[in-house]
Colleague: 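Attaching a single structure in structure tokens format; questions to follow.
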Protein chains: 2
Amino acid sequence: MQQQLRAHIERSVSLTDGEFASVLAHLTEKQCKKREFLIQEDQTVEYAYFVVSGLLKLVYTDDAGKQHILSFAMEDWWESDFRAYYTQTPATLSLQCVEDTVVFCLSLEHYHALCARLPKMERFFLQKATFGSIAAQQRVLSLLTTNVQQRYDQLLQHYPRLVQRISKTLLASYLGVSRETLSRLS
Amino acid sequence: MQQQLRAHIERSVSLTDGEFASVLAHLTEKQCKKREFLIQEDQTVEYAYFVVSGLLKLVYTDDAGKQHILSFAMEDWWESDFRAYYTQTPATLSLQCVEDTVVFCLSLEHYHALCARLPKMERFFLQKATFGSIAAQQRVLSLLTTNVQQRYDQLLQHYPRLVQRISKTLLASYLGVSRETLSRLS
DNA sequence: GACTAGGTGTGATTTACATCACTAGTTTCT
DNA sequence: AGAAACTAGTGATGTAAATCACACCTAGTC
């Protein structure tokens, strides 16, 4: 489990045993049941989470009570309501387990401490943020340029395993389409 | 002009005169005419740009030749086709002047050099990337949850000056709506 | 001073998708 | 084992927005 995190980080920057021990010292582990909330709307966001195993959904609930899924977080993903986390303001999103899930938790304080202690980790987080930002821009582009069928096909192509793991209802809410319309696609 | 950049950076991290001189040494200045391209599709992306004055549009052109505007970059914004820039692969986006524009140019090599030389600047770029990523996620949310009228109202509220500076045609292409539909909004 | 290219507004028609309504299978919980 | 909750498919209907088509206006250009 630690090895998985280490391998994940070392895809960006290499670490000595001591450095990795220092990383671990800033994290806590948590086991969560399906349907459990890691972040709830209006509450303060204590942690950013690294998913070891399982699956999370990051959700915005609109005024009409309809759920919109911003992203799924599976193995090796970092997830949080980052706006609320970094600015320490109440969450507008919620983060909930789709399956039983194991995560590492990183508090904002520990995040800053870790960056100060290990510049390498700051570089690691810079890379994560950079490519996270690029990925979000790709999603904007996909919403601007494609219809539902195409978005569904793209998702199938890029994350076939994810599509198999989740219900059509969740998938529809991620694609920004009604459950019924998704059900009618080829 | 340098003062503007310095003020911009110092909103995140404070710099000594020497450190700022070092930042400037990594940048080159460029003056561009309206309609001029800073980045063109299929070409390699040499620079990330800091906009001193003027206005740029970041555009994706789809197979049908229709333009989709991913973002506008005005004073104090950093812009590029960051995917192509960081991975040094051909651009899929283009970056074009909407007005006469003055920019500072930062090559990827100089970006890495600057981060290595001044950890403060790495922290600065980490902040930019973090909040860039949050902003992109907000845009996804807005596309998922709101209709055209609401998106237009939101934009008017957040960037009233931008809306005045650009044509309705460009605005429509940013909001992901046809020119005609935008024209029919209240 | 005519000529071209962008930019804008408005009607008519079409289309992709949402919503409503119903049936039915499958998990989960007690 | 039976109830409750979640999931999935499909028909009928409604609607927001795209598309097509046209008129008009302004700014730059030879």
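Just the heavy atoms: all of them, side chains too, but no hydrogens, waters or symmetry mates, feed the values below.
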Colleague: Decide, yes or no, whether a salt bridge links B:Glu75 with B:Arg161 under the criterion of side-chain N to carboxylate O below 4.0 Å.
Modeller: no
Colleague: Measure CD/B:Gln150 against C1'/D:dA16 and give the value in whole Å, please.
Modeller: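 To the nearest whole Å, that distance equals 12 Å.
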Colleague: With DNA chain D as reference, determine whether B:Ser178 or A:Ser167 sits nearer its 5' end, using the nearest nucleotide of each.
Modeller: A:Ser167
Colleague: Provide, to the nearest angstrom, the distance between the CD1 atom belonging to A:Ile166 and the C1' atom belonging to C:dT27.
Modeller: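 Between C1' of C:dT27 and CD1 of A:Ile166: 18 Å.
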Colleague: Between A:Lys34 and A:Leu182, which is nearer to the 5' end of DNA chain C once each is assigned its nearest nucleotide?
Modeller: A:Leu182
Colleague: Given B:Phe125, which partner from the list B:Phe82, B:Tyr111, B:Phe50 fulfils the ring-ring contact (aromatic ring centres under 6.0 Å, His included) test?
Modeller: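 Single pass found, and it is B:Tyr111.
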Colleague: Does a nitrogen or oxygen in the side chain of B:Thr181 sit under 4.0 Å from OP1 or OP2 of D:dA17?
Modeller: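 The answer is no; no side-chain N or O of B:Thr181 sits under 4.0 Å from OP1 or OP2.
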Colleague: If I take atom CG in residue A:Leu170 and atom C1' in nucleotide D:dA8, what distance separates them, rounded to the nearest angstrom?
Modeller: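 Rounded to the whole Å, the gap is 13 Å.
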Colleague: Using the ring of each side chain (for Trp, its six-membered ring), is A:Phe124 parallel, tilted or perpendicular to A:His8, with breaks at 30° and 60°?
Modeller: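 Taking A:His8 first and then A:Phe124, their aromatic rings stand perpendicular (interplane angle over 60°).
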Colleague: How many Å lie between CG on A:Asp62 and C1' on C:dT19, as a whole number?
Modeller: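 Answer to the nearest Å: 15 Å.
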Colleague: Heavy atoms from C-beta onward define the side chain here; which of D:dA8, D:dT19, C:dT19 lies closest to that of A:Lys66?
Modeller: C:dT19
Colleague: Output the single nucleotide from D:dT10, C:dC17, D:dA21 whose closest atom is nearest the side chain of B:Arg179.
Modeller: D:dA21
Colleague: From NZ of A:Lys33 over to C1' of C:dT27, roughly how many Å is that when rounded to an integer?
Modeller: 16 Å
Colleague: Starting at the 5' end of DNA chain C and moving along, which residue's nearest nucleotide shows up first, A:Gln149 or A:Glu180?
Modeller: A:Gln149
Colleague: Side chains of B:Glu79 and B:Ser71: any donor to acceptor distance under 3.5 Å?
Modeller: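 Judged by distance alone, the side chains do pair up.
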Colleague: For A:Lys168 and D:dA8, give me the distance from atom NZ to atom P, rounded to whole Å.
Modeller: 7 Å
Colleague: To the nearest Å, how far apart are B:Arg165 CZ and C:dG7 C1'?
Modeller: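 So the CZ-C1' distance, B:Arg165 to C:dG7, works out to 19 Å.
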Colleague: Between B:Arg83 (side chain only) and A:Ile134 (backbone N and O only), is there a donor and an acceptor less than 3.5 Å apart?
Modeller: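 Absent.
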Colleague: For C:dG6, take OP1 and OP2 only and decide whether either is under 4.0 Å from a side-chain N or O of B:Thr169.
Modeller: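 It does not, given that no N or O in the side chain of B:Thr169 lies less than 4.0 Å from OP1 or OP2 of C:dG6.
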Colleague: Nearest whole angstrom, please: distance from the C1' of D:dA18 to the CG of B:Leu175.
Modeller: 15 Å
Colleague: Among the nucleotides D:dT10, C:dC17, C:dT10, which one has an atom lying closest to any side-chain atom of A:Asn147?
Modeller: C:dC17
Colleague: Out of C:dT19, C:dG11, C:dC17, which has the shortest distance to the side chain of B:Arg184?
Modeller: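 Ranking C:dT19, C:dG11, C:dC17 by closest atom to the B:Arg184 side chain puts C:dG11 first.
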